2 protein chains.
Amino acid sequence: MRSRILDSATRMLVDSGYASLSMRKLAQAIGYSATTIYHHFDSKDDLFHALVEEGMSRLSDVLREALAACTGTESGVRLRSLCHAYVTFGLQNPEYYEVMFVAAPPSLERFPIDKYRRARGNLDLFATVLADVAVETKHRARPLDTRRDATTIWAMLHGIVSLVNARRVDRRVDIDGLVGDSVARVVDMYAPSDVMP
Amino acid sequence: MRSRILDSATRMLVDSGYASLSMRKLAQAIGYSATTIYHHFDSKDDLFHALVEEGMSRLSDVLREALAACTGTESGVRLRSLCHAYVTFGLQNPEYYEVMFVAAPPSLERFPIDKYRRARGNLDLFATVLADVAVETKHRARPLDTRRDATTIWAMLHGIVSLVNARRVDRRVDIDGLVGDSVARVVDMYAPSDVMP
DNA sequence: TGACGCACTTAACAGTGTTAAGTATACAAA
DNA sequence: TTTGTATACTTAACACTGTTAAGTGCGTCA
């Protein structure tokens with residue numbers, strides 16, 4: 001039952017965004033009364049967290065796949081692959097992305113950390129690759145504090161994704177060009193390749 | 001009257017965020033009925049836009065001040081000053097920042113461009129300094145397309161501000177260090193100084 | 001048979017954005 | 001001075017929202 005609710009919630013989320021996901025509509029979609037949901041989830045926030053977790057899991061799959069596709073290559077290539085996969089996921093799943101990284105339900109002062117092991121795991125993927133970069137490159141701006149540097153990269157990628165998704169980018173700027181250039185520059189920042197566009 | 005509504009709305013926004021800014025509470029705060037507001041603003045979205053414009057104006061002041069404080073210095077310093085001012089504004093005015101750059105009222109498909117001249121003006125400040133950087137530096141990664149590059153920088157700064165404000169950053173990462181390092185790296189990306197921490 | 005617990009329901013509360021319809025006041029034209 | 005009209009504001013309501021208190025069956029176990 002819990003999973004039936006979650007399935008339906010996911011579908012409604014992807015279809016029309018979190019803003020228009022109401023408990024009553026969700027209940028109607030699964031053919032039960034609204035109150036029933038409250039026997040399986042404490043609140044809408046609780047459901048929100050479940051959706052975040054689901055999204056983190058999907059992102060994790062995507063990132064691991066991207067890494068698997070280039071095992072054995074030099075660290076700079078792997079970093080680029082990771083960044084590219086992250087941005088692609090964010091742009092292709094705007095509703096999930098919103099729930100995972102931009103929506104901030106008013107009731108949550110701070111995110112429950114123990115629930116976010118998967119989120120930290122995703123960040124660790126970046127940190128791990130960055131550690132390799134730190135070893136393999138001698139550039140003056142190579143990573144030093146991998147956790148912080150991973151967060152910095154994440155922030156930059158997040159900036160691009162969220163601005164594009166929120167349609168805040170000036171019309172005259174080509175989106176694909178912007179995204180490609182941004183990712184290239186972020187990667188180049190820590191793992192400079194000899195040729196840069 | 002319109003300005004009295006806006007003043008009160010601003011106060012409520014800063015006090016408790018946009019999420020808990022309701023037309024009824026706003027009306028009560030100024031001592032009128034809720035319907036009155038609808039005679040001065042078409043909808044809550046309309047009021048939202050007015051708040052965005054106010055925020056953009058404040059940001060514009062901050063950015064111009066930051067630039068004025070370092071006229072005559074080399075372009076890299078000016079770029080750093082601009083970035084620092086932007087991030088500081090975002091972190092010190094989280095409610096305004098949310099309305100300006102992260103909140104996305106469901107009704108707005110795309111932002112009304114003509115209303116956002118001030119927003120574009122702020123981006124132009126970055127583009128102008130970047131044009132100077134392009135002239136003054138010979139680094140391989142110097143700015144090329146200043147509008148796109150300005151957007152890239154903006155996206156990266158926005159990523160940091162929005163993640164920090166949304167409290168998404170891992171507790172173990174020092175926020176001040178993260179912010180400082182991120183800004184330094186963004187600046188260094190386009191206008192490398194010889195010494196980098 | 002009786003008691004208990006589980007899954008689910010209806011009805012309601014307090015709040016939201018928004019609008020239709022009505023009132024009272026001010027000011028211009030007759 | 002009286003009338004007409006526009007303006008500023010009101011009340012009452014609609015259709016929603018998340019959430020909860022109380023109640024209804026149902027199956028299982030003593």
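Worth saying up front: this structure is predicted, and the values here are computed from it rather than measured. Letters A, B, ... mirror the listed sequences (proteins, then strands); counts begin at 1.
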In Å and rounded to the nearest 0.5 Å, what is the OG1 to OH distance from A:T10 to A:Y96? 3.0 Å
Classify the side chain of B:R24 and the base of C:dG15 as holding, or not holding, a donor-acceptor pair under 3.5 Å. no
Length of the line joining A:M23:CE and C:dA14:C1', which is rounded to integer Å: 17 Å
Apply the test side chain to side chain contact (heavy atoms under 4.5 Å, CB included) to residues A:T36 and A:S33: give CA-CA distance (whole Å), side-chain angles for both, the deciding distance (0.1 Å), then the verdict. CA-CA 6 Å; A:T36 300; A:S33 90; 3.5 Å; yes
Under-4.0 Å salt bridge between A:R120 and A:D124: no
Salt-bridged, A:R78 to A:E74, with N to O below 4.0 Å? no
Proximity of B:Y97 and B:H158 rings by center, below 6.0 Å: yes
Determine whether the aromatic ring centres of A:F41 and A:H49 lie less than 6.0 Å apart. no
Under 4.0 Å, counting only non-hydrogen atoms across every strand here, what does B:L21 touch: a base, just sugar-phosphate, or nothing? sugar-phosphate
Does D:dT10 have its OP1 or OP2 closer than 4.0 Å to a side-chain nitrogen or oxygen of B:H39? no
Would one find a side-chain N or O of A:H40 under 4.0 angstrom from OP1 or OP2 of C:dC8? yes
End axis versus end axis in the helix from C:dT1-D:dA30 to C:dA30-D:dT1, the angle rounded to 10°, five pairs used at each terminus: 30°
Are side-chain heavy atoms of A:Y18 and A:K44 found at a separation under 4.5 Å? yes
Check whether any side-chain N or O of B:T137 sits under 3.5 Å from a backbone N or O of B:V133 as a donor-acceptor pair, and report yes or no. no
For DNA chain D, which residues of residues 27-38 of chain A approach it to below 4.0 angstrom with any heavy atom? A:T35, A:Y38
